[in-house]
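Below: the structure, in structure tokens.
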Amino acid sequence: MRITRIAAAALALAALTVVPATPALATGNGEWAVTPTPAKNAGPTPRLYFFLDAAAGQTVKESVRVTNLGRDPKAFEIYGADAYNTVKDGGFALRTKDRQQTGLGAWVTSGAGKVTIPGGASADIPFTITVPQSATPGDHVGGVVALEAEPSAVTRAGAATVTIQRAVAARVYLRVAGTIVPGLGVPSLRMDIGSPLLPVPVKGDLEYAVTNVGNVHLMPRATVRVTGLFGHPVTVSGSTPSSDMVPGSEGRYAMTAEGIWPFDIVTTSVVVEADGGVYARRTDRAFVYSYSGAVILAVGIGSLVWAARRRIRSREVRPRGLVASR
């Protein structure tokens with residue numbers, strides 16, 4: 001059985017180009033790295049990602065380099081994956097192998113489904129992207145993934161046993177020819193303050209969403225500004241967009257606002273921008289009042305009204321002019 005496995009690994013490597021390992025790259029985890037295979041006559045700067053152009057119905061052929069940075073041989077499964085953004089904080093991610101690939105990941109065909117790479121060596125693995133005739137114009141984002149064939153760790157989560165398989169990928173940005181329409185949106189914005197019990201400065205919970213409503217990937221930047229009554233500043237802290245957003249994705253971001261008055265009108269403005277003049281904005285207002293503060297204010301106003309009425313009544317009963325004596 002061991003001889004058969006060794007022979008299978010040798011046959012898989014025979015179909016690939018094996019070269020000495022390169023130094024650890026940004027697209028690695030310290031044990032292996034995945035990068036585009038350097039092009040012929042390439043300049044001094046290596047490619048970290050694939051940036052490709054194609055028309056609907058076209059086939060693109062490329063090669064990815066998987067580098068084993070360890071000393072022992074390591075087996076990998078190679079597959080294509082769709083990119084997406086997580087709802088929380090809009091983080092960039094790739095779909096796992098057990099998920100259905102419906103975009104770029106489904107268009108990728110690897111030249112080696114599984115490969116074993118000796119320690120200290122790299123393998124250049126060819127792959128093909130077959131763009132369907134129905135592909136829409138714009139960016140289709142994904143990656144070519146090298147998943148360790150055997151779990152590297154086993155842990156327990158409650159009563160379940162969980163096996164951990166790590167993966168590293170080279171991102172693929174494929175632009176299908178056609179009309180390019182970049183766009184961002186801020187579909188929701190909410191400042192949750194409530195009604196504080198005591199008339200003291202309060203905090204607010206801010207949540208807003210950012211969406212990529214266009215057909216190209218964008219790196220949005222958000223500016224969040226919060227002011228209170230008479231324009232007094234309110235300090236905000238928390239998450240803002242920091243990842244590349246693929247078309248059609250949405251990220252939700254949470255922040256904390258401090259310095260809100262117990263009686264306040266809070267104005268929140270979120271502006272998102274990206275290169276190329278892409279811009280979107282949303283504004284919201286929230287009213288703040290303290291229950292006990294409202295009672296104190298009502299008592300204070302009532303006291304002033306009562307005192308004013310007493311003064312008026314005292315003036316009405318006061319004698320006016322001189323009284324003749326008999």
Side-chain angles (χ1 to χ4, degrees), residues 48-56 82-94 102-104 135-143 171-193 203-260 264-288:
L48 293 181
Y49 305 140
F50 291 97
F51 291 97
L52 309 173
D53 294 283
D82 296 336
Y84 68 99
N85 289 91
T86 59
V87 175
K88 182 180 179 181
D89 297 339
F92 184 94
L94 295 172
T102 59
L104 181 72
T136 56
D139 292 341
H140 297 263
V141 187
R171 295 188 192 183
V172 179
Y173 295 88
L174 175 68
R175 177 161 294 184
V176 176
T179 303
I180 299 302
V181 184
L184 290 171
V186 185
S188 64
L189 167 61
R190 183 174 63 89
M191 175 72 81
D192 185 9
I193 303 170
K203 293 183 179 180
D205 295 323
L206 169 64
E207 182 181 272
Y208 65 97
V210 177
T211 56
N212 184 341
V213 298
N215 63 358
V216 293
H217 73 97
L218 294 170
M219 182 72 76
R221 304 176 298 274
T223 302
V224 180
R225 185 170 183 265
V226 182
T227 57
L229 194 62
F230 309 120
H232 79 85
V234 176
T235 303
V236 290
S237 59
S239 62
T240 57
S242 60
S243 299
D244 193 1
M245 295 192 75
V246 303
S249 62
E250 176 177 300
R252 293 187 174 272
Y253 308 89
M255 305 188 80
T256 300
E258 299 184 77
I260 299 172
D264 220 337
I265 300 176
V266 180
T267 301
T268 305
S269 174
V270 176
V271 175
V272 290
E273 301 174 270
D275 292 345
V278 183
Y279 174 93
R281 178 176 181 173
R282 193 179 186 93
T283 302
D284 182 63
R285 284 185 177 86
F287 295 89
V288 184

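The model shown is predicted, which means the values in this text are computed figures rather than measured ones.
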Supply the atom-to-atom distance [X] [atom1] to [Y] [atom2], rounded to the nearest 0.5 angstrom.
X      : Y      : atom1 : atom2 : value
Ile260 : His232 : CD1   : NE2   : 8.0 Å
Ile193 : Asp205 : CD1   : CG    : 9.0 Å
His140 : Arg175 : NE2   : CZ    : 10.5 Å
Thr235 : Glu258 : OG1   : CD    : 7.0 Å
Met191 : Arg285 : CE    : CZ    : 13.0 Å
Asn215 : Asp139 : CG    : CG    : 7.0 Å

Short question: side chain of [X], backbone of [Y] - any donor-acceptor pair under 3.5 Å?
X      : Y      : value
Asn85  : Val246 : yes
Asp284 : Thr268 : no
Asp264 : Leu229 : yes
Asp82  : Leu104 : yes
Thr86  : Lys88  : yes

Can you list the steps and then say if Thr267 with Thr283 is a side chain to side chain contact (heavy atoms under 4.5 Å, CB included)?
CA-CA 7 Å; Thr267 301; Thr283 302; 3.9 Å; yes

Walk me through it: do Arg252 and Ser188 pass the test side chain to side chain contact (heavy atoms under 4.5 Å, CB included)?
CA-CA 9 Å; Arg252 293 187 174 272; Ser188 64; 3.3 Å; yes

What pair of heavy atoms forms the shortest contact from [X] to [Y], and how long is it?
X      : Y      : answer
Val278 : Asp275 : CG2-O, 3.7 Å
Asn212 : His217 : ND2-CA, 4.0 Å
Tyr208 : Pro241 : OH-CD, 3.7 Å
Ala274 : Met219 : CB-O, 4.0 Å
Ser269 : Arg281 : OG-NE, 3.3 Å
Ala222 : Val272 : CB-CG1, 3.9 Å

Under 4.5 Å between any side-chain heavy atoms of [X] and [Y], yes or no?
X      : Y      : value
Val224 : Tyr253 : no
Tyr49  : Val172 : no
Leu206 : Leu189 : yes
Glu273 : Leu184 : no

What's the verdict on side chain to side chain contact (heavy atoms under 4.5 Å, CB included) for Arg171 and Asp244, showing C-alpha distance, side-chain angles and the deciding distance?
CA-CA 11 Å; Arg171 295 188 192 183; Asp244 193 1; 4.1 Å; yes

Looking at Arg190 and Asp192, does any basic side-chain N land under 4.0 Å from a carboxylate oxygen?
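So Arg190 pairs with Asp192 through a salt bridge.
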
Would Val226 and Val266 count as a side chain to side chain contact (heavy atoms under 4.5 Å, CB included) here? Give the steps.
CA-CA 7 Å; Val226 182; Val266 180; 3.5 Å; yes

According to the interplanar angle, ranging from 0 to 90°, do the rings of Phe51 and Tyr173 count as parallel (below 30°), tilted (30 to 60°) or perpendicular (above 60°)?
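Answer is parallel, since the angle falls under 30°.
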
